[in-house]
Each structure stands twice: as structure tokens, then as C-alpha cells.
Trainee: 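My questions all concern the structure below.
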Amino acid sequence: MSQAVTHLTAAAIQMVSGGDLSANLATARRLVRDAALAGAELVALPEYFYLMPEDETERVALAEPAGGGRFEAFLSELAREFGIWLLGGTIPTQSNEPGKMYNSSLLFGPDGICRQRYHKMHLFGFDNGVEHYQESATMSAGDLVASAYTPWGALRMSVCYDLRFPELYRQAPAPVLLTAPAAFTYATGEKHWELLLRARAVENLAFMIAPGQGGHHPGGRRTWGHSMIVDPWGDVLACHAEGEGMALAKLDLVYQAELRQRLPALQHRRLFNTDA
Ligand SMILES: NC(=O)CCC(=O)C(=O)O
């Protein structure tokens, strides 16, 4: 009889990616290797791990077809080489809209096979008079919620700005693991990043694995970092504040199941009739 899986060691990798694609891929490889050697079974890379350029349109030129391209091959090979589950941050994939790409998060099994792909649904827009971001200028929005089935339970995929839209995480099946690879701005992250991660973890009674970009990038962009793993009670299990590195933690799945029994909030959900 097979034994129930009770724990998962996970790593959320933090990078400070720049405009040199080869250098970024080499850094990603080194950090994934470090995480695997430290015992991580599931390793997650941050959003845009491959490139944080001065000119955001540079990413569109790199967009690859689903199921074939250098980034997908790179991630598949890493997962297989180190025998890990690998969440490939985000990579640029082709969309049908001219001049645009999808910002896609792919999950690979230890055999290197892609188990799920998710296109970021909510596109970041922000202007505080100093920084201006409008992802919709270069990106198409995805319109499908994506869950993957892992040895540890259902995993709900999301990307960065998606964290502000709680309904994405409430779709069935109720996930055990949430992933949110990010490049959160310093300006918003200072107040909102940890708050959002802990809120999504608590309201879904699920673990949140959130790798980020954390430092200074070309074009003056600064990211908040604080890559984090949060448990279903809202406790921060691990955090890497600034610069390259990783947050590594052992996740107790028995504790997670116990919490859902002690506090059956997910079963108490009501669907509202807005006409009432
Ligand atoms: N890349 C992003 O989606 C950034 C989101 C962000 O910084 C936020 O405040 O939300």
C-alpha cells in the first residue's frame, strides 16, 4: 500500500534579473540547482526570470509557441536533471494579437513533462507619477483558471498582479498549494505584498509559494523581493528579503488538513444573488 505524502520541501527563488538573457538563464540554473541540493522537491522561479529589460517590448520578440521553444526546453531540462517539480516563473508565449505575448507560467514534473500552463489573467496597470506600467500594451490576458495535480494535492497557478483578485483562487478544486511568481514593484510591495500573500493563504487555507524579483533592474525599475512561503494559518515559513537567494521551507500537509477541519470556512461559503 502506498504511503500518504505528508510533507513537501519547497523553494521560492528570488532573482534580480537584468537585460542579459544568457546571464539570467545561468543564474536561474544555479539557483534551481542550489535549491534541489538543499532538498527542495518543488522549486519556483520568479516572474520574468529570463529578462527584465529597459524596453518591455523586447520580451514580445522572444515569445515562443506553446509546446516548443528555448524557454520551455530549458525548464523541462532543469526539472529532469534535478528530478524536481519546477514552476518556471513566467516565460513569453505567442498570442494571436499582433505585437503582444502571453505572460505564461508553466509547471513541469520531475520527468521534464509540462503538466500545466497558465497565461496571466490580470494585467498590471500602475502610475504613481514616477513609475508607469501598462502590461496590456504588450500582453494579451489569459482567460482560463489553471490547476495542476501534484503528489501534494491541487496547485492553483497565478502570477503577480493576480494576487489582487481573490476570486481566481476560489474556483474549484480547492487548492492545497498556491503559486504566485512575481516582480512586484517596490512602491506597492512595501505595503501590499505580504498582506496579499497571507490573505490568499488564510482565506483558502492553503500554502502560498511566492518567488519574486528583488532589487534594481535596467530602466530604473525597482522590485520589492521578499520571496515568501506562507502556511494556511498565515504564518510566514520563510522569506528572502533582497537580492538573489531563496526562501526554503518544509510544508506540513497534515497540519493543513487539520486546519481545514478545525476551521471549515471553505464549506461555509455562500454564493450571493446580486439581485436580492
Ligand atoms: N508584474 C506585476 O504584475 C506587478 C504587480 C504589482 O506590483 C502590484 O502592485 O500589483
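Atoms within each ligand, like the ligands themselves, are counted from 1 in listed order.
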Trainee: Can you sort out which atoms of ligand 1 are near E135, meaning under 4.0 Å from one of its heavy atoms?
Mentor: 1 (N), 2 (C), 3 (O)
Trainee: Any chance you could measure L75, atom CG, to L87, atom CG, to the nearest 0.5 Å?
Mentor: 9.0 Å
Trainee: With heavy-atom distances below 4.0 Å as the criterion, list the atoms of ligand 1 near C160.
Mentor: 1 (N), 2 (C), 3 (O), 4 (C), 5 (C)
Trainee: So Y133 and F126, would you call those rings parallel, tilted or perpendicular, with 30° and 60° as cut-offs?
Mentor: parallel
Trainee: Using a 4.0 Å cut-off to any heavy atom of A183, which atoms of ligand 1 qualify?
Mentor: 1 (N), 4 (C)
Trainee: What atoms of ligand 1 come closer than 4.0 angstrom to any heavy atom of K120?
Mentor: 1 (N), 2 (C), 3 (O)
Trainee: What atoms of ligand 1 come within less than 4.0 Å of a heavy atom belonging to T188?
Mentor: 6 (C), 7 (O), 8 (C), 9 (O)
Trainee: Out of all atoms in ligand 1, which are within 4.0 Å of some heavy atom of E47? Include the element for each.
Mentor: 1 (N), 2 (C)
Trainee: If you round to the nearest 0.5 Å, how far is CZ of R221 from CD of E131?
Mentor: 7.5 Å
Trainee: Side chains of T223 and Q213: any donor to acceptor distance under 3.5 Å?
Mentor: no
Trainee: Keeping the roles fixed (side chain from R269, backbone from R170), state whether a donor-acceptor pair exists under 3.5 Å.
Mentor: yes
Trainee: So how far is it from E242 CD to Y186 OH, rounded to the nearest 0.5 Å?
Mentor: 6.0 Å
Trainee: Quick one: does any side-chain atom of E41 pair with a main-chain N or O of A10 as donor and acceptor, under 3.5 Å?
Mentor: no
Trainee: Quick one: look up the protein heavy atom nearest atom 7 (O) of ligand 1 and list residue, atom name and how far away it is.
Mentor: T185 N, 3.0 Å
Trainee: Relative to ligand 1, is Y161 under 4.0 angstrom through side chain, backbone, both or neither, heavy atoms considered?
Mentor: both
Trainee: Does R164 come within less than 4.0 angstrom of ligand 1, counting non-hydrogen atoms of the residue?
Mentor: yes
